[in-house]
*Asks:* 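For reference, the structure I am asking about is given below.
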Amino acid sequence: MRMLHTLRPGAADTTSRWLLALPIAASLIWLPGPAEARGAPESFADLVEVLQPAVVNVSTTQKVAGHQGEGPSFDFPPGSPFRDFFDQFNRRGDDEDRPRRATSLGSGFIIDPSGLVVTNNHVIEGADKITVTMFDETILEAELIGRDTKTDLALLQIKKKGTYPAVAWGNSDKARVGDWVIAIGNPMGLGGTVTAGIISANQRDINAGPYDDYIQTDAPINRGNSGGPLFNMSGRVIGINTAIYSQSGGSIGIGFAIPSNLADGVIAQLREFGTTRRGWLGVQIQEVTEEIAESLSLEESGGALVAGVLENSPAEAAKMKTGDVILKFNGRTVDESRKLPRIVAETEVGKTVDVVLWRDGRQRTVKVTLGELEKFDQANLSTSAPDTEEEPVERSIDELGLALSTITRATAEKYNLDSELDGVLITGVEGDSGAAEKGLRKGDVIVEVNQEKVSTPDAVAARIKDATKNGRRSVLLLINREGDLRFVALRIDAG
């Protein structure tokens, strides 16, 4: 068993840090010890005193359909401590389907002295009336300026003219894991609640939308905190508290906040236009795995693989192709595919940008003039092929563990395929094959092999033979599953 020894710093050590020595093969490797952590502030009180007046409670009401028979005649926000108490009065015995007014509560914060309030879209969605309650318990009406469902943000305007306390945006990109943060909001309907913790992770993707890049924090966040600010120790807003991870509905120390650097741009557009105006490229993308990178002769995985190009899109106009790998967009490196949608969305509509691609084993640059996302329908790609009533041509491809068939009217009907679809139908997958491990299944359609279109099983076999002859150990398949395109790299089993 190897022992890890702790050595006290000598007189010449001016860093006042401990050093660790690990004996390996009769030699010592000197490792720097852990940096001294800064302790928690003695009190958050002075900072909170300045920030609290700019944080508001957001209350909404909306008319909803009544219920036949028994049902609640009025509602309380989820988690309200008064909800159980009023349950006994929350019933009615008649059978009338009477409309009622539902109430919800959340949080928000003022970003401009004129009374502009930022909150979550889900806090105000469907509201007939919006009010904000100030820290001094003054209740004011507000109106909706604009909202964005993709980032779950909304901008309100307090109707009463005046000068209101406001807070400023901070730079969320500079927020580090381990930094102290403060959340202020309206959890469980208890306004003016302050909690503190640290940033426990950055750039979290929780599958809430196309631009997920959440700050994760252990500062306690509960129902009603939605839309409230997450402050750094300089009193700047670096996040908007939006979601929690919990099975009980209460805080378990995992909360998520929209980063300020994403929110700031969205709110600025809502303020100017009342809606968002995002850049639009018009491609379907997926991750570049190590196997896909190898099949495309890329030195390392990274970038965004183009799985489809939408018709009449900026990408089509720039002659981008399925199988291209986007490495850089407008000077920004695309190190993973999920970052591309946000980079594109943050780019000005109508701007012409350089896009660095990997195609045919080398880099090339194309110029793309971005469209506006909100004006285009993100329709699925489809390719056309002549209808046929011929008998299907079938073949097993042992190297991939697949049974294949041509697409006929009968096979299209059997597997519920688009009659206009072109490609080669997968009719069987060996259980112990790489294809099965990658999730391929009956009814999937192979559109391309190594970026060449195929329409027969023999064409697939020919592409595999070419790949083997050229020393490749895998092939890249473009798969169509119910209209969704994705690339799958499969190892060639030489048998």
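In what follows, every heavy atom counts, from backbone to side chain, and hydrogens, waters and symmetry copies are set aside.
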*Asks:* Tell me whether N202 contacts the main-chain N or O of A175 through its side chain, where contact means a donor paired with an acceptor under 3.5 Å.
*Replies:* yes
*Asks:* Nearest heavy-atom pair of F329 and V334: which atoms, and what distance?
*Replies:* N-CG2, 4.1 Å
*Asks:* So, does S200 use its side chain to make a donor-acceptor pair with the main chain of Q216 at under 3.5 Å?
*Replies:* yes
*Asks:* Check ring-ring contact (aromatic ring centres under 6.0 Å, His included) between F109 and all other residues, then give those that pass, not counting sequence neighbours.
*Replies:* W169
*Asks:* Once rounded to the nearest 0.5 Å, what's the spacing between atom CG of N232 and atom CG of L47?
*Replies:* 8.5 Å
*Asks:* Checking K438 now: which residues fulfil side chain to side chain donor-acceptor pair (under 3.5 Å) with it, not counting sequence neighbours?
*Replies:* E291
*Asks:* Any sub-3.5 Å donor-acceptor pair from W280's side-chain atoms to P314's backbone N or O?
*Replies:* no
*Asks:* Checking S234 against R236: is there a side-chain donor and acceptor pair closer than 3.5 Å?
*Replies:* no
*Asks:* Does any N or O in the side chain of S107 come within less than 3.5 Å of the main-chain N or O of G224, such that one atom is a donor and the other an acceptor?
*Replies:* yes
*Asks:* Minimum heavy-atom separation for L144 and L156, please, with both atom names.
*Replies:* CD1-CD2, 3.8 Å
*Asks:* Could you grab the distance from atom CG of L281 to atom CG of L373, nearest 0.5 Å is fine?
*Replies:* 10.5 Å
*Asks:* Could you tell me whether E346 and R332 have a side-chain N and a carboxylate O separated by less than 4.0 Å?
*Replies:* yes
*Asks:* Between R277 and Q269, do the side chains contain a donor N or O and an acceptor N or O under 3.5 Å apart?
*Replies:* no
*Asks:* Kindly give the heavy-atom pair with the smallest separation between P457 and R395, and that separation in Å.
*Replies:* CB-CB, 3.6 Å
*Asks:* List in chain and number order the residues that pass side chain to side chain donor-acceptor pair (under 3.5 Å) with R359, two or more places apart in sequence or in another chain; answer none if no residue qualifies.
*Replies:* D324
*Asks:* Classify the side-chain pair T369/T352 by whether it contains a donor and acceptor separated by less than 3.5 Å.
*Replies:* yes
*Asks:* In Å and rounded to the nearest 0.5 Å, what is the CD to OG distance from E290 to S301?
*Replies:* 5.5 Å
*Asks:* Looking at R472 and S295, would you say the former's side chain and the latter's main chain have a donor-acceptor pair under 3.5 Å?
*Replies:* yes
*Asks:* Enumerate the salt bridge (charged side-chain N to carboxylate O under 4.0 Å, His left out) contacts for residues 256-272, please, sequence neighbours excluded, ordered by first and then second residue.
*Replies:* D112-R271
*Asks:* So, for K321 and V309, which heavy atoms are closest and what is the spacing to 0.1 Å?
*Replies:* C-CG2, 4.0 Å
*Asks:* Could you pull out the closest heavy-atom pair between G108 and V58, with the gap in Å?
*Replies:* N-CG2, 3.9 Å
*Asks:* What pairs of residues pass the side chain to side chain donor-acceptor pair (under 3.5 Å) test when at least one of them lies in residues 440-451, not counting sequence neighbours?
*Replies:* D444-R481
*Asks:* Just verifying a value: how many Å separate S260 OG and K174 NZ, rounded to the nearest 0.5 Å?
*Replies:* 11.5 Å
*Asks:* Using a 3.5 Å distance criterion without hydrogens, assess whether the side chain of T193 forms a donor-acceptor pair with backbone atoms of N186.
*Replies:* no
*Asks:* Can you tell me how far CD1 of I198 sits from CG of D179, rounded to the nearest 0.5 angstrom?
*Replies:* 9.0 Å
*Asks:* Can you tell whether the side chains of R463 and E452 come within less than 4.0 Å, N to carboxylate O?
*Replies:* yes
*Asks:* Heavy-atom distance under 4.5 Å between the side chains of I446 and L402, does that happen here?
*Replies:* yes
*Asks:* Taking only residues two or more places apart in sequence or in another chain, which ones pass side chain to side chain contact (heavy atoms under 4.5 Å, CB included) with K351?
*Replies:* N330, T347, E348, V353
*Asks:* Distance-only, no hydrogens or angles: does the N225 side chain make a donor-acceptor pair with backbone N or O of I221 under 3.5 Å?
*Replies:* no
*Asks:* Are any side-chain N or O atoms of N121 and backbone N or O atoms of T149, one a donor and one an acceptor, separated by less than 3.5 Å?
*Replies:* no
*Asks:* Can you tell me if N261 uses its side chain to pair, donor with acceptor, with the backbone of S172 under 3.5 Å?
*Replies:* yes
*Asks:* Any chance you could measure T275, atom OG1, to L270, atom CG, to the nearest 0.5 Å?
*Replies:* 7.0 Å
*Asks:* What are the two closest heavy atoms between S337 and I285, and how far apart are they?
*Replies:* O-CD1, 3.4 Å
*Asks:* Counting N and O atoms only, with roles assigned by atom type, does the side chain of N120 sit under 3.5 Å from a partner on the main chain of H122, one being a donor and the other an acceptor?
*Replies:* no
